[in-house]
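A short worksheet on the structure shown next.
Reckoned from all heavy atoms, side chains included, excluding hydrogens, waters and symmetry mates.
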Amino acid sequence: MDTTFDPKRFEKRLYSKWKDNKYFSAHPNKDKKPFTVMMPPPNITGQLHIGHALTMTVQDSIIRYKRMKGYETLWLPGTDHASIATEVKIIDKLAEEGITKEQLGREGFLKRAFAWKEQYGGRIIKQLEQLGSSCDWDRLAFTMDDNLSRAVKETFVRYYEKGWIYHGARIVNQCPHCKTAISDAEVEYETEEGNLWHIRYPEVGGGEGIIVATTRPETLLGDMAVAVHPGDKRYAKLVGKQLALPLTDRTIPVIADEYVDKSFGTGAVKITPAHDPNDFEVGLRHNLEVMRVMDDTGHMNELAGKYAGMERYEARSAMVADLEALGLLVKTEPHTHNVGHCHRCHAAIEPIVSKQWFVRMSELAKPAIDVVKNKKLRYLPKRFEKNYLHWMENIRDWCISRQLWWGHRIPVFYCDACGGEFVSREELKVCPKCGAPVRQDEDVLDTWFSSALWPFSTLGWPDKTPDLEYFYPTNVLITAYDIITFWVSRMIYSGLEFMGQAPFDTVLIHGLVRDELGRKLSKSLGNGIDPLEIIDEVGADVLRISLVSGVSAGGDIKYSTKKQEGFRNFMNKIWNASRFVLMNAEGVEILPIEKVRLTLADKWIVTRLNETIADVSKYMERYEVGLAANRLYDFVWGEFCDWYIELSKVSLYSSDEKKRQATVSVLVRVLRDILKLAHPVIPFITAEVYDNLPEAVRDAEDIMISPYPSVKDLKSYRIDARKMEAVMDAIKRIRAVRADMGVKPNRRTSIFVKPNALISKLLGSAGEYLVKLASGNDFAEVVSKPDGCTTIITAFGEVYIPLGELVDRDKELERLGKELDNAKGELARAEGKLANEKFVAKAPKALVDAEREKIEKYKERIAVLESKTAETSKL
RNA sequence: GAAGGUGUAGUUCAGUUGGUUAGAACGCUACCUUGACAUGGUAGAGGUCAUAGGUUCGAGUCCUAUCAUCUUCACCA
């Protein structure tokens with residue numbers, strides 16, 4: 001093994017080995033329990049970003065853990081066609097070549113789109129591999145694959161036949177740039193500075209009329225009424241009267257409706273049913289006509305008179321100018337309001353009435369609410385359940401048609417001859433009624449319509465396949481909180497509807513990756529982090545552990561180069577600790593731990609390993625990968641490397657072959673279990689080292705299919721492990737005193753110990769540890785303090801070190817003074833507690849006893865320190 | 001406007017059902033190349049746990065209010 005950790009030497013090789021050996025493949029297996037995770041399919045719009053790297057790492061870690069735990073694990077990968085997002089990208093690309101999608105035609109465009117999918121989908125798969133993802137490539141899916149498209153049609157038809165899909169005129173969010181309607185969820189609101197234009201609508205027959213306030217004067221041409229509040233005395237007389245609609249020759253009525261807020265603006269609202277969702281509702285209540293004055297691209301249409309053909313904002317200025325010329329513009333006041341934007345292209349949304357396909361949500365939402373309320377499905381962390389329930393309980397019908405080409409075409413056919421409308425699983429050529437040729441609906445479905453089916457369409461639904469039988473429902477869905485409404489909720493109600501069971505029992509929500517300053521990563525900010533660059537620089541393991549570590553459920557994580565560097569160092573630490581172990585293991589026969597005589601240190605590390613296994617497993621069971629990683633980090637660095645490796649040198653460099661063999665066996669065994677525990681998070685380095693372990697401890701042909709360590713009963717080690725900790729306490733205190741006194745590290749001294757009652761019959765080995773780790777020269781047990789020594793109180797007993805001429809009398813007094821103050825403080829605190837009768841009466845007995853013990857301990861310590869102080873001051 | 005999260009060392013975060021002297025990493029200071037690793041080791045400085053009340057024998061932890069900050073949802077013309 002090389003002296004430094006260099007992931008380039010093994011990552012690619014290991015991944016190929018895993019893939020070639022089909023370790024990732026899952027098959028229905030009655031002897032094993034399944035554990036299934038559906039990968040949220042990345043969009044084929046580009047390449048993976050750091051957020052993908054986070055979610056994939058969490059998923060892979062959990063999958064690898066469960067695989068080692070003996071489950072038949074399926075992690076099903078795939079990509080999403082991402083209808084609107086991809087179409088926008090392709091159109092941009094075409095624009096660079098100087099062509100439009102219309103020039104290509106539908107067929108030609110789709111050809112381009114599939115080529116795009118090959119290119120970018122392929123790239124994403126490469127990236128997933130580089131990350132180390134152990135997903136089942138044999139099951140790779142794409143939302144527009146034949147069988148998934150079949151599932152989409154099946155779903156549409158079933159909804160349609162139930163009457164849950166309808167075609168109707170509603171106000172939709174029209175994106176003038178993407179030229180399609182988008183769902184409510186795809187609208188992002190942003191606060192903008194605008195104007196509130198106050199416009200007078202004169203009364204027919206000459207009255208002053210009414211002044212209305214509007215932020216969108218261009219929609220005036222579609223006004224069908226002016227509404228006031230029924231209880232508003234200012235306008236009571238005008239209700240029912242006709243007003244002259246400015247810039248037109250139309251007249252419109254004044255109506256009364258509860259919807260109007262008396263205190264806002266002038267208390268009078270222009271009602272434009274075709275261009276505002278609230279106005280649309282008002283219009284329905286008052287039987288108003290719907291007059292649409294704008295087209296799908298944000299231009300005024302032929303009903304807009306002289307403004308026809310103008311772009312919406314151009315029309316706005318023109319009309320404001322004209323109103324002003326007519327003296328009808330009363331005032332213009334600045335107004336801050338929220339404007340919806342398309343979350344893909346960011347153009348301002350235009351609410352427009354149009355005919356679209358909708359899915360009625362009332363029936364679908366109910367079971368999806370119940371399943372969470374009945375705790376059959378939980379969110380981790382729990383607080384996201386509130387988010388979800390709030391959304392579900394207030395859900396509106398889902399607009400599923402999109403005026404795009406890239407996606408699943410709506411399986412509805414129209415017959416122009418007889419006016420028939422037919423939904424069909426198969427492509428229709430002629431009208432089933434009259435035999436005339438039919439045409440298919442031009443629109444495609446919302447991209448989430450297909451991803452909503454992901455957990456079962458990828459397993460073969462609507463067929464009853466063995467896969468579906470075995471792997472559905474899946475276990476946990478892992479994703480960031482930003483797509484709960486888009487996607488998670490839709491999978492839940494789809495699964496309940498078509499499979500009769502929720503698609504998973506747990507939704508694990510993780511945060512978003514942010515930069516060092518806590519900002520979202522985005523292209524416009526230029527703070528994007530490319531996961532591939534990081535892999536190239538430091539390897540996939542470092543990227544993975546940097547992403548998941550320190551993440552507790554649901555919280556966002558900040559990615560910094562500092563953090564990355566820290567974990568790069570950690571990898572190097574593991575690498576070198578492994579080198580140390582392997583070097584010492586060379587030529588030594590490794591025995592099972594049960595068969596060798598263990599030292600204090602050996603028992604201690606095995607005990608600590610056991611506790612680490614318990615904790616890490618517990619965290620992994622709770623899907624707390626970040627906490628598991630941190631726990632391991634502390635154990636590997638803080639206990640295994642900093643302490644055990646150093647302690648083991650006592651045995652390794654001794655002449656006692658048996659002792660050496662025992663410790664080597666422990667080293668190798670502990671290292672192996674560390675590798676196994678860490679493998680789910682850092683698969684590459686652990687696999688590489690595992691392959692270099694002595695045969696005796698390699699329990700599988702590859703670490704990824706080896707069994708996960710389990711907790712053992714080690715009660716019999718407990719006392720020795722405690723003794724070891726007492727020795728370690730002594731070592732730390734000796735070091736601290738030496739450093740405090742300015743003793744050079746290379747100056748070794750004798751160490752004398754007067755052990756306390758608890759520690760007996762182990763001085764020989766303890767002495768070796770003291771000498772080795774506390775700069776000792778030799779060691780002896782004594783019954784009282786030798787002359788010229790300084791006293792150090794430790795858990796192990798009193799330790800004396802002759803510092804000779806190095807003892808600085810004043811410094812020593814200062815040190816003793818500090819310790820004395822500290823001990824007195826603690827004594828006072830404990831005594832204060834016990835003086836409180838209520839504490840003694842109410843606190844648990846163990847706690848009270850602990851305080852009593854503490855008083856004894858500190859009294860004793862104070863006595864020692866005081867006598868020592870007196871002695872020193874006489875010098 | 002509604003709901004929710006967060007607030008602990010200079011920075012990033014841990015801190016289980018309330019119970020030792022509130023921990024780690026990075027950074028900082030001092031010392032050290034000791035036979036895995038200077039991408040290292042040892043020791044150290046640094047915290048009125050946002051603020052004010054309350055419950056309790058006991059609060060970083062539970063409750064209330066306030067402030068700061070972030071997110072989601074709704075959107076009034």
Side-chain angles (χ1 to χ4, degrees), chain A residues 1 3-5 184-185 189 196 212-216 219 227 259-261 263-272 276-279 282 335 337-340 381 383-384 386-387 390-391 394 481-482 484-485 511-512 516 518 538 549-552 554-558 560 562-563 565-584 618 626-627 630-631 633-634 637-638 641-642 645-646 649 652-653 732 735-740 742-746 772-773 775 822 825-826 829-830 833 836-844 846-848 850-851 853-854:
Chain A
M1 286 173 73
T3 50
T4 48
F5 159 70
D184 294 337
Y189 286 88
L196 199 52
V212 300
T214 181
T215 54
R216 291 194 301 156
T219 63
Y259 152 71
V260 180
D261 176 357
S263 60
F264 188 88
T266 60
V269 190
K270 61 195 260 322
I271 300 298
T272 323
D276 182 280
N278 292 304
D279 293 6
V282 174
H335 179 62
H337 61 152
N338 288 331
V339 178
R383 64 189 142 95
F384 290 102
K386 285 201 173 165
N387 250 343
H390 183 257
W391 160 264
N394 296 288
Y481 52 73
D482 55 348
I484 292 176
T485 49
L512 306 176
E516 276 142 292
V538 291
S549 132
V551 180
S552 59
D556 286 349
I557 85 142
K558 288 181 188 160
S560 66
K562 286 260 179 269
K563 200 168 170 183
E565 225 171 84
F567 283 105
R568 195 264 326 256
N569 294 351
F570 181 50
M571 291 306 111
N572 195 58
K573 192 76 179 174
I574 293 178
W575 187 258
N576 278 295
S578 303
R579 277 181 55 226
F580 173 83
V581 173
L582 296 177
M583 270 166 51
N584 283 289
K618 179 185 76 186
L627 297 181
N630 282 4
R631 180 67 178 82
Y633 181 99
D634 291 343
W637 203 317
C641 292
D642 287 349
I645 284 188
E646 294 309 317
K649 288 174 183 172
L652 295 179
Y653 303 146
K732 276 188 269 190
R735 284 171 175 170
V737 169
R738 286 175 56 107
D740 193 35
V743 182
K744 288 277 174 194
N746 58 4
K772 176 85 188 155
L773 279 108
S775 305
N822 188 287
E826 284 306 310
R829 223 182 46 82
K833 264 194 177 178
N836 183 340
E837 280 169 32
K838 285 179 180 171
F839 172 75
V840 178
K842 291 191 177 180
L847 217 63
V848 178
E851 290 300 323
E853 253 177 57
K854 215 185 289 174

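Taking atom CG of N822(A) as the reference point, atom P of U20(B) lies 17 Å away to the nearest angstrom. Rounded to whole angstrom, the span from the NZ atom of K833(A) across to the P atom of U20(B) amounts to 7 Å. One atom, CG of N387(A), and another, P of U6(B), lie 14 Å apart when rounded to the nearest Å. Residue K842(A) contributes atom NZ, which lies 13 Å from atom P of U55(B) at whole-angstrom precision. One atom, OH of Y481(A), and another, P of U71(B), lie 8 Å apart when rounded to the nearest Å. The distance between atom NE2 of H335(A) and atom C1' of A77(B), rounded to the nearest whole Å, is 8 Å. In this structure, the CG atom of L627(A) is 6 Å from the P atom of G15(B), given to the nearest Å. Separating the CZ atom of F839(A) from the C1' atom of U56(B) is a distance of 13 Å, rounded to the nearest angstrom.
Each of K772(A) and G566(A) was assigned the nucleotide of RNA chain B with the nearest heavy atom; the assignment lying further toward the 5' end belongs to G566(A).
Here the closest non-hydrogen pair linking V282(A) and Y259(A) is CG2-CD2, 3.6 Å. The minimum heavy-atom distance linking D261(A) with S263(A) is given by the pair OD1-OG, 2.8 Å. Looking at every heavy atom in both residues, A577(A) comes nearest to C641(A) through CB-SG, 3.7 Å. Of all non-hydrogen atoms in A213(A) and T266(A), the two that sit nearest each other are N-OG1, 3.9 Å.
With a cut-off of 3.5 Å on both pairing distances, A36(B) has no Watson-Crick or G-U wobble partner at all. Across all strands shown, A50(B) forms a Watson-Crick or G-U wobble pair with U66(B), both key distances being under 3.5 Å. If you check A43(B) for Watson-Crick or wobble pairing at under 3.5 angstrom, you find it paired to U29(B). Base pairing annotation: C76(B) forms no Watson-Crick or G-U wobble pair, as no partner gives both donor-acceptor distances under 3.5 Å. Remark: A9(B) base-pairs with no nucleotide in the shown strands. Criterion, Watson-Crick or G-U wobble with two distances under 3.5 Å. Using Watson-Crick or G-U wobble geometry with both donor-acceptor distances under 3.5 Å, A3(B) finds its partner in U71(B).
Taking the C1' atoms as reference points, A9(B) lies 12 Å from A25(B), given to the whole Å. Nucleotides U72(B) and U55(B) are separated by 33 Å at their C1' atoms, to the nearest Å. Rounded to a whole angstrom, the distance from the C1' atom of G27(B) to that of U11(B) is 8 Å. Here the separation of U64(B) from U69(B), taken at their P atoms, is 23 Å to the nearest Å. Remark: the separation of the P atoms in U42(B) and A50(B) is 32 Å, to the nearest Å. Only the C1' atoms considered, G44(B) is 47 Å distant from A3(B), to the nearest whole Å. If you take atom P in U66(B) and the same atom in U16(B), they sit 26 Å apart, rounded to whole Å. Comparing the same atom, P, in G10(B) and in U48(B) gives a spacing of 8 Å after rounding to whole Å.
Dashed line: the shortest gap from a side-chain N or O of H337(A) to OP1 or OP2 of A77(B) is under 4.0 Å.
Residue contacts shown for N338(A) include a base, since a base heavy atom lies under 4.0 Å away. Heavy atoms of N394(A) sit nowhere under 4.0 angstrom from any nucleic acid atom. Using a 4.0 Å heavy-atom distance criterion, D261(A) is classed as a base contact.
Under the 3.5 Å distance criterion, the side-chain polar atoms of D276(A) are left unmatched by any main-chain donor or acceptor of T272(A). The backbone N or O of T4(A) lies less than 3.5 Å from no partner atom in the side chain of R579(A), so there is not a single donor-acceptor pair.
Proximity note for N278(A) (side chain, C-beta onward) versus C31(B), A77(B), C75(B): the nearest is C75(B).
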Self-check item: Base versus backbone protein contacts along nucleotides 36-42 of chain B [heavy-atom cut-off under 4.0 Å; B, S, -]
Solution: BB-BSSS

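A salt bridge between E851(A) and K854(A) is present, with a side-chain N of the basic residue lying under 4.0 Å from a carboxylate O of the acidic one.
The CZ atom of F570(A) sits 16.0 Å away from atom CD of E565(A), with the distance rounded to the nearest 0.5 Å.
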Exercise. Assess whether side-chain hydrogen bond (donor to acceptor under 3.5 Å, both in side chains) is satisfied between K270(A) and T219(A), documenting all intermediate values.
Key: CA-CA 9 Å; K270(A) 61 195 260 322; T219(A) 63; 2.7 Å; yes

